[in-house]
Student: 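Here it is, the structure, as structure tokens.
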Amino acid sequence: MDDSVDRIAQPWGSRTPYGRHEPWPERVDTYLMAGVEPGQVQRWVQAASILHSDGDAMDIAVVDGRMAGVRGRTDDRVNRGRLGPKDLFGWQANASPDRLTVPLVREGGRLVECDWDTAMGRIVARSRELLDERGPGSIGFYTSGQLYLEEYYTLAVLARAGIGTNHLDGNTRLCTATAGEALKESFGCDGQPGSYDDIDHADVIALFGHNIAETQPVQWMRILDRLEGADPPRLVCVDPRPTQVARKAAVHLAPRLGTNVALLNALLHEIIRRDRVDHDYIAAHTVGFEELAARVKECTPEWAARICDVPAARIVEAAELIGTADRLLSTVLQGIYQSHQATAAAVQINNLHLVRGMLGRPGAGVLQMNGQPTAQNTRECGANGDLPGFRNWQNDSHVADLAKVWKVEPSTIPHYAPPTHAMQMFRYAEQGSIRMLWISGTNPAVSLPELSRIRSILGQDRLFTVVQDLFLTETAQLADVVLPAATWGEKTGTSTNADRTVHLSDKAVEPPGEARPDLDIFLDYAARMDFRDKDGGPLITWHDPESAFEAWKRCSAGRPCDYTGLTYDKLRGASGIQWPCNERAPDGTSRLYTDGITWAHPDVCESYGKDLTTGATDDVVEYRSLNPDGKAVIKAAAYLPPHEMPGEQYPFQLTTGRTLYHFHTRTKTARAPQLNAAAPDVWVEASAADAATLGLDEGDLVEVSTPRGALRGRLRVTDIRPGLLFVPFHYGYWDTEAGHGPDGDTPGRAANETTITDWDPASKQPLFKTAAAALHLVERGDGSPAPAPTTTASAPSRADAVPATTGGTPALATQAGAAGRKEDTE
Ligand SMILES: Nc1nc2c(c(=O)[nH]1)N[C@H]1C(S)=C(S)[C@@H](COP(=O)(O)OP(=O)(O)OC[C@H]3O[C@@H](n4cnc5c(=O)[nH]c(N)nc54)[C@H](O)[C@@H]3O)O[C@H]1N2
Ligand SMILES: Nc1nc2c(c(=O)[nH]1)N[C@H]1C(S)=C(S)[C@@H](COP(=O)(O)OP(=O)(O)OC[C@H]3O[C@@H](n4cnc5c(=O)[nH]c(N)nc54)[C@H](O)[C@@H]3O)O[C@H]1N2
Ligand SMILES: [Mo]
């Protein structure tokens, strides 16, 4: 195999089939920009992708100090050389002419260019003023899942011990808060139990609300390769849309939105009823089985069939596959997490594994997925609503231990209440108790729910907003100070993917203009604020990525996410390595819980758990009586209906999510020509039956409205569940050319104009996937199709109605077998 493939038309490339328990073959994917031959590349610089949570390892091609392409790294355990379409083409955004190159400050209502001293001076002056007048609780930090570990750790120290505020969270709240919470509820602690290698060994792979084909395309290539090899796995897919995963599934369940818990309880009911249960595992490693058995006793497939609107026979089939699997791998993502019973549902998937004893062996594992490339780092460094190193804010000895690492008094680190979650921070900003909000690496004016509210919060005079980004985003346009950041390829740092694999990304080229790495910006702020430890020395003692990494290692020592066995040198040249990596496990750790549950004991656990219905936190006394020996907790949950159900005025269910070719608010993928062209504007998916009832056709301009707001887009008729609408959330109001404005009379195109301010009680993750909506015709189409891809879940129900999505010559990338290996990376 050594050929060129249009990777827009064939996003997953060609197959390299392999059999069960065999190693996944290598395939080197390379894309070089037009006019550049491989021999012209002067340097290849090691990195890992930051456009999803896989951490696809790649080398960046450098020609004359500029990026010229990318090539997959065959030595890496995650991708064995493969790259997805966003990996191949997304890097081009770095060189976009509209990058921010100098800081901006607001003067007389307008953002004007300035130097770094002026911008940082304003931030420091406002910070000091607020600390004097209103105290640390008036300052909040809202960060990302897309910076590097070194940056989050530095931010966590400066916010929690320097400023002393409890208001620090990441956009990981919107993303993987439920993954972390579900792991804490079941295992007492965050930390992914499974490994991507489990795909090589599983005989059944169950995907819950996870469109892996589009959102982690390289791991989908792995599944596709196994499907074509000997002894292929059977797939169970739970998703209301006809995703590529659904099309390949042995059993596809397409439930009504917001009914995951009912479905999962029926699966558990069947598995327990038929005694597909590992009684020895349950006795040795869990508490709570009896309660679960009692809870799901009445949850028959017929009962769930009525709630979920899927045939009872299909539920029985799925339960049979899951119940008889000899190695079961489950993956979980936003169809579960962005829902009103997010944690309750995610925990039931852990329960499937606990009752079946399907953990800690090759092929038997659960992946409570992350979405963003470095969401895991946000969580472990405590830049989200947790303390660093998975320490328990309710456990005084954990706080004291952290205080020792930071050389501060325990009372310096706020732990009077759980760290503030992002949705609450925006509420505080709305009410006026937070007066300064520093936003780094996220675009809330497109990605948070109910955008009219977010715009009015960020637009207030009394709120001083700092935005640190690559571009003048929708959010940056509302800021008081805009700081130009360097990004991937222009700075060095580490990132940890969804299966705990740590990768180093080296700097390949200089950032544009005066843009600076986020780490340098945070260090500069800490220095100007003169944060001190309790002995009067500087609070932050590191000065560059590697010294920051070394500082983090000290904070992670002895914790579940132990990095002490890793160094930059060890991460250079070879494969990424899975934490924990320490003296006992110098090569890293494939799977957690291979030998029982390790971090659930009351003295060591990260969390004492929450009530899944109210979100109330349990205390140590309750936890100790429930789980004195630190086993896994089997937590049952009753199904509760979604908060918003379709009715007369809003007869549809509405869900939002992703498409293969775009990343989030498109600041990068809209600036990569191949990706932009594949899905250039928003669309609305509806079923053929609903389109016929309303007299609508492919390409008609339609309006989707909810009690919060409305958006307009072209209609794509698909095989989606009848009664359900889908809108991709990637399209902000950035496109001024097309006349979409936030304040104009014409509705915009951002999905979040319509979504609700509401969240899961335990994880506080917002509900992007359950709303009721109306659908109306605005204007007949001219016969052109909606701007939606045909290669994905948005494939038209009538294939002949729409020309196939292709990328043509600009999208050609090479694929090579093992012979294409290169040894010349720096
Ligand atoms: N191409 C691309 N890849 C990405 C990203 C991107 O923006 N673009 N973002 C990354 C990030 S940060 C994340 S978090 C991940 C997200 O990755 P995914 O979770 O895979 O993506 P989504 O499209 O948000 O949602 C997945 C599926 O949930 C289904 N769903 C909706 N409602 C329900 C429900 O009630 N029940 C069930 N069972 N399913 C439901 C939807 O039909 C959808 O197919 O992707 C990562 N990878
Ligand atoms: N309706 C709906 N809304 C959703 C979702 C959904 O499924 N439906 N999904 C939610 C999820 S899971 C997520 S993760 C969020 C994502 O939402 P956001 O985080 O708002 O999305 P991004 O576009 O990734 O924003 C990242 C920003 O960081 C900038 N950036 C990139 N690299 C760097 C860097 O190195 N340094 C700095 N300083 N900036 C950088 C980018 O230019 C961009 O502006 O959206 C959430 N919102
Ligand atoms: Mo996400």
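Every number for a ligand or one of its atoms is a count from 1 in the order of the listing. By convention here, the first residue in the shown sequence is residue 1.
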Student: If you look at every heavy atom in Leu333 and Gly371, which pair is closest and at what distance?
Tutor: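 Smallest heavy-atom distance, with atoms named: CD1-N, 4.5 Å.
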Student: By number and element, which atoms of ligand 1 are closer than 4.0 Å to a non-hydrogen atom of Leu660?
Tutor: 1 (N)
Student: Taking only heavy atoms of the protein into account, state which residues are under 4.0 angstrom from an atom of ligand 2, in chain and number order.
Tutor: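 Within 4.0 Å of ligand 2, the protein residues are Gln146, Leu147, Asn171, Leu174, Cys175, Gln334, Gln338, Gln372, Gly441, Thr442, Asn443, Ser447, Gln468, Asp469, Leu470, Phe471, Thr473, Ala485, Ala486, Thr487, Lys491, Asp518, Thr656, Gly657, Arg658, Phe663, His664, Thr665, Thr667, Lys668, Phe729, Asn752, Phe768, Lys769.
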Student: Checking side-chain contact (heavy atoms from CB on, under 4.5 Å) against Leu367, which of Leu329, Ile212, Ile349, Val332 comes through?
Tutor: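 Filter result, single survivor: Leu329.
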Student: Can you check whether Gly258 has an N/O within less than 3.5 Å of an N/O in ligand 1?
Tutor: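 Among all N and O atoms of Gly258, at least one is under 3.5 Å from an N or O of ligand 1.
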Student: Thinking salt bridges, do Arg721 and Asp309 make one under a 4.0 Å N-O criterion?
Tutor: yes
Student: For ligand 1, indicate whether the residue Thr659 contacts it via side chain, backbone, both or neither (heavy-atom separation under 4.0 Å).
Tutor: backbone
Student: Which atoms of ligand 1 sit under 4.0 Å from any heavy atom of Asn211?
Tutor: 20 (O), 26 (C), 44 (O)
Student: Salt-bridge test for Asp169 and Lys764: reply yes if a basic N is under 4.0 Å from a carboxylate O, no otherwise.
Tutor: no
Student: N/O of His52 under 3.5 Å from N/O of ligand 1, yes or no?
Tutor: no
Student: Are Thr754 and Thr706 close enough that a side-chain donor and a side-chain acceptor fall under 3.5 Å?
Tutor: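 Result is no, nothing qualifies.
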Student: Tell me which pairs pass side-chain hydrogen bond (donor to acceptor under 3.5 Å, both in side chains) where either residue lies in residues 343-352, with sequence neighbours left out.
Tutor: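 Passing the test, one end in residues 343-352: Ser186-Asn350, Thr343-Asp760, Gln348-Asn351, Asn350-Gln368.
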Student: Under a 4.0 Å threshold between the charged nitrogen and the carboxylate oxygen, would Glu753 count as salt-bridged to Arg712?
Tutor: no
Student: Run the salt bridge (charged side-chain N to carboxylate O under 4.0 Å, His left out) test against Arg453 and tell me which residues pass, sequence neighbours left out.
Tutor: Glu430
Student: Side-chain donor-acceptor contacts of residues 258-267 below 3.5 Å, not counting sequence neighbours, with atom names and distances?
Tutor:
residue : atom : partner : partner atom : Å
Thr259  : OG1  : Arg256  : O            : 2.8
Asn260  : ND2  : Gly335  : O            : 3.0
Asn265  : ND2  : Ala637  : O            : 2.8

Student: Looking only at distance, does Asn260 have an N or O less than 3.5 Å from an N or O of ligand 1?
Tutor: yes
Student: Run the numbers for me: atoms of ligand 1, each under 4.0 Å from some heavy atom of His210, listed by number.
Tutor: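 Contacts of ligand 1 toward His210, numbered from 1: 20 (O).
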Student: Numbering the atoms of ligand 1 from 1, which are under 4.0 Å from a heavy atom of Glu214?
Tutor: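 Heavy-atom distances to Glu214 below 4.0 Å select 1 (N), 2 (C), 3 (N).
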Student: Assess whether a salt bridge exists between Glu490 and Arg99, defined as any Lys/Arg side-chain N lying under 4.0 Å from an Asp/Glu carboxylate O.
Tutor: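 Salt bridge: yes.
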Student: Flag Asp239 as yes when one of its N or O atoms lies below 3.5 Å from any N or O atom of ligand 1, and as no otherwise.
Tutor: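 Right, the criterion is met.
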Student: For ligand 1 and Thr243, I'd like to know whether there is a polar contact (N/O to N/O, distance under 3.5 Å).
Tutor: no
Student: Under 6.0 Å from the ring centre and within 45 degrees of the ring axis: does the NZ or CZ of Arg241 meet both conditions for the six-membered ring of Phe726?
Tutor: yes
